[in-house]
Amino acid sequence: MADTTYTIDNLCYLMERLRRAETGCPWDLKQTFKTLAPYTLEEAYEVIDAIENENYSQLKEESGDLLFQVIFHAQLGKEQNLFDFEEIVSLLVKKLISRHPHVFPEGTLTSERRPGRAQLNEQSIKDNWESIKQSERKEKGQVSILDDIPLGLPALTRATKLQKRAARHGFDWPDMQGVLDKVHEETHELNEAITEGEVDAIEEELGDVLFTVVNLCRHLKVDPETALRSSSAKFEQRINHIEKRLHHQGKKMVDIPMEQLDELWTEAKFSTMSKHP
């Protein structure tokens with residue numbers, strides 16, 4: 001069994017077996033599109049985690065788990081006569097062909113770009129991609145330029161997408177200095193809200209600070225999710241260092257004065273400098 005190699009057809013058949021009314025798996029049988037949503041999101045995050053840890057063996061496994069989520073949604077769609085896996089694949093291929101006219105000039109999978117034809121630069125490809133997506137949005141009846149940005153995205157990612165989309169249509173700061181000035185302005189307004197003690201105002205102004213910092217990340221060409229995950233990992237590593245140091249002394253962080261914890265933090269900072277400058 002260990003040497004058996006399975007295919008996508010085997011996976012689709014396995015999924016069908018899991019969903020058979022009388023002989024399938026009770027857990028799989030009770031799932032719906034909505035109940036699967038958290039698992040789909042979780043698997044996507046685990047793929048990202050494997051990539052960031054450069055654990056490619058784990059990436060292979062987690063990619064399979066994410067693929068299984070797609071297969072599961074396809075099976076549910078098939079059962080409800082909405083769509084099946086073949087339709088998912090066909091729609092995806094058609095969409096990718098239409099969005100890559102510089103690779104498939106005749107709009108078919110078999111057409112190829114003629115040798116010697118001038119290559120498009122990356123910016124031209126991005127502009128063309130957005131133009132094609134805009135046409136697709138019109139075909140779907142979407143009016144606003146922001147209509148197709150999912151509400152379910154992580155807040156930092158969605159803020160970035162909103163800002164990028166608006167910027168493509170001319171709503172953007174002319175340079176980074178304008179964004180920095182806005183960060184200072186929003187921070188000042190947050191201080192005022194804190195002074196006044198208005199909880200709702202504090203939340204609103206803090207949200208404005210975060211949104212503006214995301215804008216700063218965009219202008220600096222830094223992905224905010226990646227930057228924050230990196231800082232979180234750095235924080236975790238340094239806290240672990242402090243915990244280990246105190247463990248050898250038979251102590252816990254809660255029992256240590258803040259001044260001593262600050263010294264241990266500085267020690268941890270320098271000990272992890274090589275990994276997290």
Side-chain angles (χ1 to χ4, degrees), residues 1-100 103-104 107-111 129 132-133 135-137 139-142 146-158 160-161 223 225-226 228-229 232-233 236:
M1 182 176 178
D3 295 329
T4 303
T5 299
Y6 294 107
T7 67
I8 193 69
D9 290 334
N10 296 135
L11 181 58
C12 290
Y13 174 66
L14 178 148
M15 185 70 254
E16 182 183 339
R17 288 279 302 274
L18 291 175
R19 290 281 299 179
R20 283 185 184 175
E22 296 181 358
T23 59
C25 171
W27 186 90
D28 292 281
L29 282 167
K30 70 179 183 180
Q31 300 310 311
T32 66
F33 289 122
K34 288 186 177 180
T35 62
L36 281 179
Y39 300 106
T40 305
L41 185 60
E42 179 182 337
E43 297 299 351
Y45 281 131
E46 290 182 358
V47 167
I48 294 172
D49 185 65
I51 292 171
E52 294 195 342
N53 289 322
E54 297 184 358
N55 187 333
Y56 300 113
S57 175
Q58 182 184 355
L59 177 58
K60 177 173 65 174
E61 180 178 352
E62 298 300 344
S63 295
D65 291 344
L66 184 57
L67 173 61
F68 181 69
Q69 292 297 308
V70 175
I71 296 295
F72 209 140
H73 287 292
Q75 178 64 28
L76 293 177
K78 182 178 181 180
E79 293 170 4
Q80 300 175 42
N81 295 317
L82 298 172
F83 55 82
D84 58 24
F85 184 67
E86 288 74 18
E87 290 175 294
I88 291 174
V89 172
S90 181
L91 180 61
L92 174 60
V93 172
K94 290 176 182 177
K95 182 167 61 176
L96 291 176
I97 290 173
S98 70
R99 290 183 181 180
H100 293 82
V103 179
F104 309 102
T108 66
L109 191 59
T110 56
S111 64
W129 177 279
I132 294 169
K133 288 183 68 176
S135 297
E136 292 174 356
R137 287 193 289 270
E139 291 178 2
K140 295 176 181 178
Q142 296 170 343
L146 307 177
D147 275 349
D148 64 333
I149 299 179
L151 288 170
L153 288 173
L156 291 179
T157 299
R158 189 165 193 273
T160 302
K161 285 185 173 293
D223 175 61
E225 290 281 349
T226 300
L228 185 55
R229 280 197 297 270
S232 295
E236 183 179 15

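For E79, the salt bridge (charged side-chain N to carboxylate O under 4.0 Å, His left out) partners at least two apart in sequence or on another chain are R19. For R229, the side-chain hydrogen bond (donor to acceptor under 3.5 Å, both in side chains) partners two or more places apart in sequence, or in a different chain, are E52. With sequence neighbours excluded, the residues forming a side chain to side chain contact (heavy atoms under 4.5 Å, CB included) with E54 are Y56, listed by chain and number. Applying the side chain to side chain contact (heavy atoms under 4.5 Å, CB included) criterion to L228, with sequence neighbours excluded, gives L156, S232. Every side chain to side chain contact (heavy atoms under 4.5 Å, CB included) that V89 has, sequence neighbours left out, goes to F85, V93.
Nearest approach of T7 to N10, heavy atoms of both residues: N-OD1, 2.8 Å.
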Determine whether L36 and L76 satisfy the following criterion, side-chain contact (heavy atoms from CB on, under 4.5 Å), listing intermediate values before the conclusion. CA-CA 10 Å; L36 281 179; L76 293 177; 3.6 Å; yes
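Remark: F83 CZ to I88 CD1 distance equals 5.0 Å, nearest 0.5 Å. The structure places CD1 of I48 at 8.0 Å from CD of E225, a figure rounded to the nearest 0.5 Å.
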Can you give the donor-acceptor pairs under 3.5 Å from side chains of residues 20-28 to other protein atoms, not counting sequence neighbours?
none

In a table with atom names and distances, give each donor-acceptor pair under 3.5 Å that connects a side chain of residues 58-68 to protein atoms at least two apart or in another chain.
unit_1	atom_1	unit_2	atom_2	d
Q58	OE1	N55	ND2	3.2
S63	OG	L59	O	2.7

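Identified under the salt bridge (charged side-chain N to carboxylate O under 4.0 Å, His left out) test for residues 4-17, with sequence neighbours left out: none. Legend: side-chain hydrogen bond (donor to acceptor under 3.5 Å, both in side chains) pairs involving residues 83-97, not counting sequence neighbours: none detected. The side-chain hydrogen bond (donor to acceptor under 3.5 Å, both in side chains) contacts involving residues 30-42 comprise Q31-T35, T32-T35, T40-Q69, T40-H73, where partners must be two or more places apart or lie in separate chains.
Contact check for R158 versus K161: no side-chain heavy atoms found under the 4.5 Å cut-off.
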